[in-house]
Amino acid sequence: MASHRPPTNSRSRLADRKPRPPSSRRSRSLARYCVARSRAPCSSNHRLQIRDMIEKETTSTFNKSTGLPRKRFYRARAHSNPLSDSHFPVPLSPSQFDYSLHYPQLFPALSDDDNPKRIQFADIGCGFGGLLVALSTVFPDKLMIGMEIRDKVTEYVKERISALRTTNPGQYQNVSVVRTNSMKYIPNYFEKGQLTKMFFLFPDPHFKEKNHRRRVISPHLLDEYAYTLAVGGIIYTITDVEELGEWMKGCLENHPMFEALMEGELENDPVVKLLTSATEEGQKVARNGGQTFQAVYRRIAPSL
C-alpha cells in the first residue's frame with residue numbers, strides 16, 4: 001500500500017522558513033520580504049521597521065540630501081539597437097527645433113529668432129549626463145545638448161538638469177537633452193557647420209562583424225558629422241575596448257576632413273581631462289583599473 005504524506009500546514013511552513021534579507025536597491029524584494037514576514041510570527045516593532053523601509057524605498061525618486069534623481073528608478077538596457085524603428089518626435093529641419101523648450105531661461109518666448117545663439121556642443125549617446133553637467137560650468141556661454149536613444153535614461157537626464165537648475169539658480173541653463181536616434185537624424189537638428197564639439201564616449205562596441213554597421217563611428221556617418229562640424233571643430237572619442245578604439249581612430253585617420261590633434265594640444269585642452277573623470281563609464285573603468293583609448297580629431301577644410 002502506498003504511503004501517504006501527512007498534510008502540512010502552509011502557515012507552519014512559512015513560519016519555519018527563513019525569509020531572505022531585504023535588498024536596499026529593490027522595493028519589490030522588500031515587498032516580498034514583508035509578505036513573508038507578515039505571515040510568520042514577528043513582533044509589531046519589526047513590522048513597523050519593515051514598513052518604514054518600504055516607504056523610504058518607494059516614496060521618492062529623488063535623493064533628499066542632493067535633490068538629484070536616483071538612477072535606480074531609471075534603469076534601462078545598457079545599449080539599444082540604433083537601426084530599429086523608434087517613435088519619437090523629430091524636427092523636420094534645424095530651424096524647427098524648439099529652443100524655448102530646452103533652454104527656457106535663455107529663450108523665454110516661443111519664437112527664438114531674435115536670439116542668435118545656437119547649440120555648439122553635442123554629446124552623442126550622453127548616457128546619464130555626467131559630461132554635460134561638467135561641461136555646463138566649464139563653458140557657461142555655450143549651448144550644449146545630449147542626444148540619447150533610451151527613454152528612461154533620457155528622462156533621468158531631464159530630471160537631473162531640472163534639479164540642478166533648481167538648486168543652483170542661474171546655472172545649468174545652457175544644457176539640455178533630447179531623445180532621438182543620432183545615427184539617423186543628426187541633420188534634422190544641426191545646420192551645416194553649426195557645431196564646434198562632438199563627443200562619442202564609450203559607445204556600444206558591437207563586437208560581431210555583422211553589427212559593425214551599427215557603430216556610431218563609421219566612414220559614412222563621419223560624412224554627416226563633418227557636415228555639422230565647423231572647420232576647426234573637434235570630435236572626441238574614447239572607449240575601454242581596444243579593438244573599437246582602433247576602429248574609431250582608423251575611420252577618423254582615413255577621412256579626408258579630419259586630422260589628429262597634436263600631443264601639446266591634447267594636454268592644453270580642458271575637455272580631454274573630463275572624458276574619463278566626468279562620465280559614469282569613465283569613472284567605472286578607472287575604479288577597475290582599466291585602460292582607455294582616445295581619438296581626438298579636428299575638422300579641416302577639404303583639400304582641393
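Heavy atoms only: backbone and side chains are in, while hydrogens, waters and symmetry mates are out.
Screening L266, I238, I234 against V272 for a side-chain contact (heavy atoms from CB on, under 4.5 Å) leaves a single residue, L266.
Note on residues 266-295: no pairs pass ring pair (Phe, Tyr, Trp, His ring centres under 6.0 Å), not counting sequence neighbours. Applying the salt bridge (charged side-chain N to carboxylate O under 4.0 Å, His left out) test to residues at least two apart or on different chains, the pairs with a partner in residues 284-295 are E281-K284. Residue pairs that meet the side chain to side chain donor-acceptor pair (under 3.5 Å) test with at least one member in residues 134-147, sequence neighbours left out, are S136-N174. Within the structure, salt bridge (charged side-chain N to carboxylate O under 4.0 Å, His left out) pairs that include any residue of residues 232-255 comprise R215-E243 (at least two apart or interchain).
Taken to the nearest 0.5 Å, the CD atom of Q173 stands 4.5 Å off from the CZ atom of R165. Distance CZ/R179 to CD1/I149: 7.0 Å, rounded to 0.5 Å. Atom-to-atom distance recorded for M144:CE and L132:CG is 7.5 Å, nearest 0.5 angstrom.
Taking the side chain as every heavy atom from C-beta outward, Q171 and L164 never approach each other to under 4.5 Å. At a threshold of 4.5 Å between non-hydrogen side-chain atoms, the residues P203 and I217 do not count as touching. Side-chain contact check for V175 versus Y103: every heavy-atom pair is 4.5 Å or farther apart. Side-chain contact check for V285 versus T292: some heavy-atom pair is nearer than 4.5 Å. Using a 4.5 Å heavy-atom threshold, the side chains of I235 and L222 count as touching. Side-chain contact between Q283 and T279: absent, with no pair of heavy atoms (C-beta onward) separated by less than 4.5 Å.
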Practice task
Please test W247 against T239 for side-chain contact (heavy atoms from CB on, under 4.5 Å), starting from the C-alpha separation and ending with a verdict.
Solution key: CA-CA 11 Å; W247 165 279; T239 179; over 6 Å; no
Handout entry: Residue pair E155, K152: steps toward the side-chain contact (heavy atoms from CB on, under 4.5 Å) verdict
Key = CA-CA 5 Å; E155 189 62 29; K152 288 185 179 180; 5.6 Å; no
Problem - Trace of the side-chain contact (heavy atoms from CB on, under 4.5 Å) decision for L106 with L143 - result: CA-CA 10 Å; L106 302 177; L143 292 184; 3.5 Å; yes
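Note on L92 and V90: separate hydrophobic clusters, where clusters join Ile, Leu, Val, Met, Phe, Trp and Tyr whose side-chain heavy atoms are under 4.5 Å apart, directly or indirectly. Note: the hydrophobic cluster containing L221 also contains I124 (ILVMFWY, side chain heavy atoms under 4.5 Å, direct or indirect links). Hydrophobic clustering (side-chain heavy atoms under 4.5 Å, transitive across Ile, Leu, Val, Met, Phe, Trp, Tyr) keeps I145 apart from L101. With hydrophobic clusters built from ILVMFWY side chains whose heavy atoms lie under 4.5 angstrom apart, I300 does not share a cluster with M248.
Counting all heavy atoms, side chain and backbone alike, V177 lies closest to C126 at CG2-SG, 3.8 Å. The two residues H102 and S176 come nearest to each other via the heavy atoms ND1-OG, 2.7 Å. When all heavy atoms of Y185 and T180 are compared, the pair lying nearest together is CD1-OG1, 3.7 Å. The heavy-atom pair separating T228 from I186 by the smallest distance is CG2-CG2, 3.5 Å. E224 and M183 get closest at one heavy-atom pair: OE1-O, 4.5 Å. Of all heavy-atom pairs between P91 and N188, the closest is O-ND2, 2.9 Å.
Considering only residues two or more places apart in sequence or on other chains, S162 meets the side-chain hydrogen bond (donor to acceptor under 3.5 Å, both in side chains) condition with none of them. Listed by chain and number, the residues in a ring-ring contact (aromatic ring centres under 6.0 Å, His included) with F139 are F121 (sequence neighbours excluded). Legend: residues meeting side-chain contact (heavy atoms from CB on, under 4.5 Å) with K208, ordered by chain and number and at least two apart, are K210, N211. Residues passing the ring-ring contact (aromatic ring centres under 6.0 Å, His included) test with Y189, sequence neighbours excluded: F97. Judged as a side-chain contact (heavy atoms from CB on, under 4.5 Å), and not counting sequence neighbours, the contacts of S277 are L274. Under the side-chain contact (heavy atoms from CB on, under 4.5 Å) criterion, E209 pairs with H212, sequence neighbours left out.
Between the side chain of R299 and the backbone N or O of V231, no donor-acceptor pair lies under 3.5 Å. Counting only distance, with no hydrogens or angles, the side chain of R160 and the backbone of F128 share a donor-acceptor pair below 3.5 Å. A donor-acceptor pair is defined here as one N or O able to donate and one able to accept, closer than 3.5 Å; such a pair exists between the side chain of D269 and the backbone of V271.
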Between side-chain atoms of residues 190-202 and protein atoms elsewhere (two or more places apart, or another chain), which donor-acceptor pairs fall under 3.5 Å?
| from | atom 1 | to | atom 2 | distance (Å) |
| --- | --- | --- | --- | --- |
| Q194 | OE1 | E191 | N | 2.8 |
| Q194 | NE2 | Y99 | OH | 3.4 |
| Q194 | NE2 | I119 | O | 3.1 |
| T196 | OG1 | Q120 | O | 3.4 |
| K197 | NZ | Y236 | OH | 2.9 |

Review item, side-chain donor-acceptor pairs of residues 255-264, under 3.5 Å, at least two apart:
| from | atom 1 | to | atom 2 | distance (Å) |
| --- | --- | --- | --- | --- |
| H255 | ND1 | M257 | N | 3.1 |
| H255 | NE2 | D223 | OD1 | 2.7 |
| E259 | OE2 | R298 | NH1 | 3.0 |

